[in-house]
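Scroll down for the structure; my scribbles are underneath it.
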Amino acid sequence: MSSTLITGITELITNDPDTEVPPDPALIVTDGRVSWIGSADRAPAADTALPAEGTVLPAFVDSHSHLVFDGDRSAEFTARMIGARYDGGGIATTVEATRAATDERLRALVEARVAEMRRQGTGVVEIKSGYGLNTPDELRSLRIAAEFTSEVTFLGAHVVPVEYRSDRAGYVDFVIGEMLQRAAEYARWIDVFCEPNSPHAFTGEESREILLAGRAAGLELRVHGNQLGHGPGAQLAVELDAASVDHCTYLSDADIDALAGSATVATVLPGVEFSTHSPYPDARKLIDSGVTVAIASDCNPGTCYSTSIPFMISLAVREMGMTPTEAVWAATRGSALSLRRDDLGVIKVGSPAELTVLDAPNHLHLAYRPGVPLARRLL
C-alpha cells in the first residue's frame, strides 16, 4: 500500500454533506482512494507528502463529448460568427473526414484531446461515436473511445448520413439492427439527436424507436434534445428514464416540470451557445424548479471545439444565471449523476482520488478569472 498526504489546501470542496471540512484541511490518498480527511495538524503518517497550494475539488466530469473525429470546420464557425445558422448539416463534413482517417490517426487525435482535458482538471470523460454512421466506422470509433474511458456512447443516430437522405426509415432500421447489435459490445450508452427542428436529425417517434431498441440491447439511455427549438426530447428522456437530456436550450414549463419530477439530469452545454450564437438555456429556472443540472463541454468539431470545463463554468455563471458554487457542483457532482456514477464528483473517505487543484484561494476564481489556466489534475 502507498499513501500520500495532501496539505496546503486553501479551500476543500467535497460535494459531500456528510463530510465535515475542518480549518486547514488535508487529505490522505491510499492506493488511489481517499482514506482520510481532517485537519492537517492531526494527519496520520503517510509515505509521501504533496502540497496542493490551492483549492482542491473533485476532478471535473465531462459527461458529453464527441472526440473521435478528423477534419476541420473552422470556416463553418467563422461563418456562424457573421450570421450563418446552425442546423446540423455540417456533421456530414466531419463524417467524410473521419471515415477517411486511419485508426492510428484517430487514436492519436483522441489521445491528444483527452490529455488536453486532463491538463485543465477533467477526470472521467464520456466519449460518443457518431461520425462514422456506418457499421465499420461506428465500431472503430467505439473501440477507440473505449481505450480512454468506460463511459462510451453509441451515437449511430447522430444524423441521417448523405447516402440515406432519401430513405430515413431505412437508416433507422439499419441503426437499430446490424449496427446496434454489434455496437452494444463496446458501449455503455445509446444516444440520439432528437431534433425535429433539423432536417438532418431525428423525430420524436424515430428517437423513441432507437432508444427502446438500445435498451433492449442492454444499453442505458441518453438524449440530445431541445437544442434548436422546442421539441419532444426532454419529455421523451423523462418518459424512458434516460440518465440525461443534453442541450436543453428550448424548454417549456411542462418540460421543466417533467424534469423536476424525474431522475433525468438536464445537462447544459454553454460552449455550444457561445459557438453558435444561440440563446443560452435558463439554468437559473431549472435549478429553482428542482431540476438536477450538469455542465459538460460537448467538445466537437462543429459547434464547440473546446475541451475546457473551466470555460464552461465561466459561461454558465455569466450567461445562465448560475452561481459559481452551483456551476462547480454541476460540472463535478451533477455531471457524475448524469452518468449515474455515484462514486464520482465527490471527495469522501472511500471515494476514488479523482482530484483537481486550482491555483487560486477559492473556487470563485474559476468564474472570476475566465480564460486563465487555474485548474490542473492533482492526482
Side-chain angles (χ1 to χ4, degrees), residues 61-66 88 126 128-130 151-159 172 175-176 180 187-198 201-270 272-273 278 280-283 285-287 289-298 300 303 320 330 333-342:
V61 179
D62 195 338
S63 59
H64 184 130
S65 80
H66 306 252
E126 178 262 16
K128 304 179 192 295
S129 66
E151 301 297 339
V152 177
T153 299
F154 169 51
L155 185 58
H158 199 179
V159 294
V172 171
V175 168
I176 65 177
L180 171 60
R188 178 186 175 194
W189 304 94
I190 186 169
D191 199 345
V192 59
F193 189 10
C194 178
E195 187 51 78
N197 297 285
S198 168
F202 298 88
T203 67
E205 286 310 307
E206 290 168 340
S207 298
R208 180 193 305 277
E209 185 177 3
I210 290 163
L211 292 169
L212 288 175
R215 174 181 286 165
L219 302 181
E220 298 178 72
L221 311 186
R222 315 186 72 75
V223 178
H224 281 59
N226 302 72
Q227 178 185 359
L228 302 180
H230 290 282
Q235 297 273 358
L236 181 62
V238 170
E239 176 194 337
L240 298 182
D241 190 33
S244 183
V245 55
D246 299 22
H247 287 292
C248 299
T249 311
Y250 294 90
L251 294 177
S252 67
D253 288 345
D255 294 333
I256 294 172
D257 288 344
L259 286 165
S262 77
T264 300
V265 174
T267 299
V268 296
L269 308 167
V272 173
E273 281 71 46
S278 301
Y280 286 88
D282 189 348
K285 186 172 183 178
L286 286 167
I287 292 169
S289 299
V291 178
T292 301
V293 174
I295 292 173
S297 73
D298 194 8
N300 74 84
T303 59
M320 294 182 170
R333 190 63 174 156
S335 200
L337 294 175
S338 83
L339 292 172
R340 294 191 170 159
R341 290 286 301 272
D342 194 53

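In what follows, every heavy atom counts, from backbone to side chain, and hydrogens, waters and symmetry copies are set aside.
- Residues satisfying the salt bridge (Lys or Arg N to Asp or Glu O under 4.0 Å) test with Asp191, not counting sequence neighbours, are Lys128.
- Summarising the geometry, atom CZ belonging to Arg333 is positioned 10.5 Å from atom OG1 belonging to Thr292; distances are rounded to the nearest 0.5 Å.
- Side chains of Ser244 and Ser338: no donor on one and acceptor on the other come within 3.5 Å.
- Looking at every heavy atom in both residues, Ala237 comes nearest to Val223 through CB-CG2, 3.9 Å.
- When the ring pair (Phe, Tyr, Trp, His ring centres under 6.0 Å) test is applied to Tyr250, the partners found at least two apart in sequence or on another chain are His230.
- Here the rule is side chain to side chain contact (heavy atoms under 4.5 Å, CB included) with Val291, and of Leu259, Asp257, Leu251 only Leu259 fits it.
- For the pair Arg188 (side chain) and Leu339 (backbone), a donor-acceptor distance under 3.5 Å is present.
- Between the side chain of Glu206 and the backbone N or O of Thr203, at least one donor-acceptor pair lies under 3.5 Å.
- Here the straight-line distance linking atom CG of Leu269 with atom CD of Gln227 works out to 8.0 Å at 0.5 Å rounding.
- Of the possible polar contacts, one joining the Glu195 side chain to the Leu228 backbone as a donor-acceptor pair under 3.5 Å is found.
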Inset, instruction - Apply the test side-chain contact (heavy atoms from CB on, under 4.5 Å) to residues Val265 and Val293: give CA-CA distance (whole Å), side-chain angles for both, the deciding distance (0.1 Å), then the verdict. - result: CA-CA 6 Å; Val265 174; Val293 174; 5.9 Å; no

Inset, instruction - Apply the test side-chain contact (heavy atoms from CB on, under 4.5 Å) to residues Ser63 and Arg341: give CA-CA distance (whole Å), side-chain angles for both, the deciding distance (0.1 Å), then the verdict. - result: CA-CA 11 Å; Ser63 59; Arg341 290 286 301 272; over 6 Å; no

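- Arg215 places a side-chain heavy atom less than 4.5 Å from the side chain of Leu221.
- Taking every heavy atom of both residues into account, Ala266 and Leu286 meet most closely at CB-CD1, 4.3 Å.
- With 3.5 Å as the limit, one finds no donor-acceptor pair spanning the side chains of Asn226 and His247.
- Scored by the side chain to side chain contact (heavy atoms under 4.5 Å, CB included) test, Ala187 finds Leu142, Val152, Phe154, Leu219 as partners (sequence neighbours excluded).
- A donor-acceptor pair under 3.5 Å links the side-chain atoms of Asn300 to the main chain of Asp298, judged by distance alone.
- Taking SG from Cys248 and CG from Asp282, the interatomic distance works out to 11.5 Å, rounded to the nearest 0.5 Å.
- Counted by atom type alone, Ser65 and Ser297 present zero donor-acceptor pairs between their side chains at under 3.5 Å.
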Inset, instruction - Assess whether side-chain contact (heavy atoms from CB on, under 4.5 Å) is satisfied between Glu126 and Asp62, documenting all intermediate values. - result: CA-CA 6 Å; Glu126 178 262 16; Asp62 195 338; over 6 Å; no

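- Remark: Glu273 engages Thr249, Ser278, Tyr280, Pro281, Met320 in a side chain to side chain contact (heavy atoms under 4.5 Å, CB included) (not counting sequence neighbours).
- The shortest side-chain heavy-atom distance between His158 and His66 falls under the 4.5 Å cut-off.
- Looking only at distances, a side-chain donor or acceptor of Thr264 sits under 3.5 Å from a matching main-chain atom of Ala242.
- Counting only distance, with no hydrogens or angles, the side chain of Ser289 and the backbone of Ile256 share no donor-acceptor pair below 3.5 Å.
- Residues Trp189 and Glu151 bring a donor and an acceptor atom of their side chains to less than 3.5 Å of each other.
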Legend entry - Arg208 and Glu239: CA distance, side-chain angles, deciding distance, salt bridge (Lys or Arg N to Asp or Glu O under 4.0 Å) verdict: CA-CA 10 Å; Arg208 180 193 305 277; Glu239 176 194 337; 2.4 Å; yes

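- Minimum heavy-atom separation, Val192 to Ser207: CG2-OG, 3.6 Å.
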Inset, instruction - Before giving the answer on side-chain contact (heavy atoms from CB on, under 4.5 Å), spell out for Thr267 and Ile295 the whole-Å C-alpha distance, their side-chain angles and the decisive distance to 0.1 Å. - result: CA-CA 6 Å; Thr267 299; Ile295 292 173; over 6 Å; no

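- Side-chain atoms of His224 and Asp246 form no donor-acceptor pair, as typed in the model, at a separation below 3.5 Å.
- Considering every non-hydrogen atom in both Cys194 and Leu236, the closest pair reads SG-CD2, 4.5 Å.
- Legend: residues meeting side chain to side chain contact (heavy atoms under 4.5 Å, CB included) with Gln235, ordered by chain and number and at least two apart, are Ala254, Asp255, Ala258.
- The side chain to side chain contact (heavy atoms under 4.5 Å, CB included) check on Ala263 picks up Asp241, Arg340, with sequence neighbours excluded.
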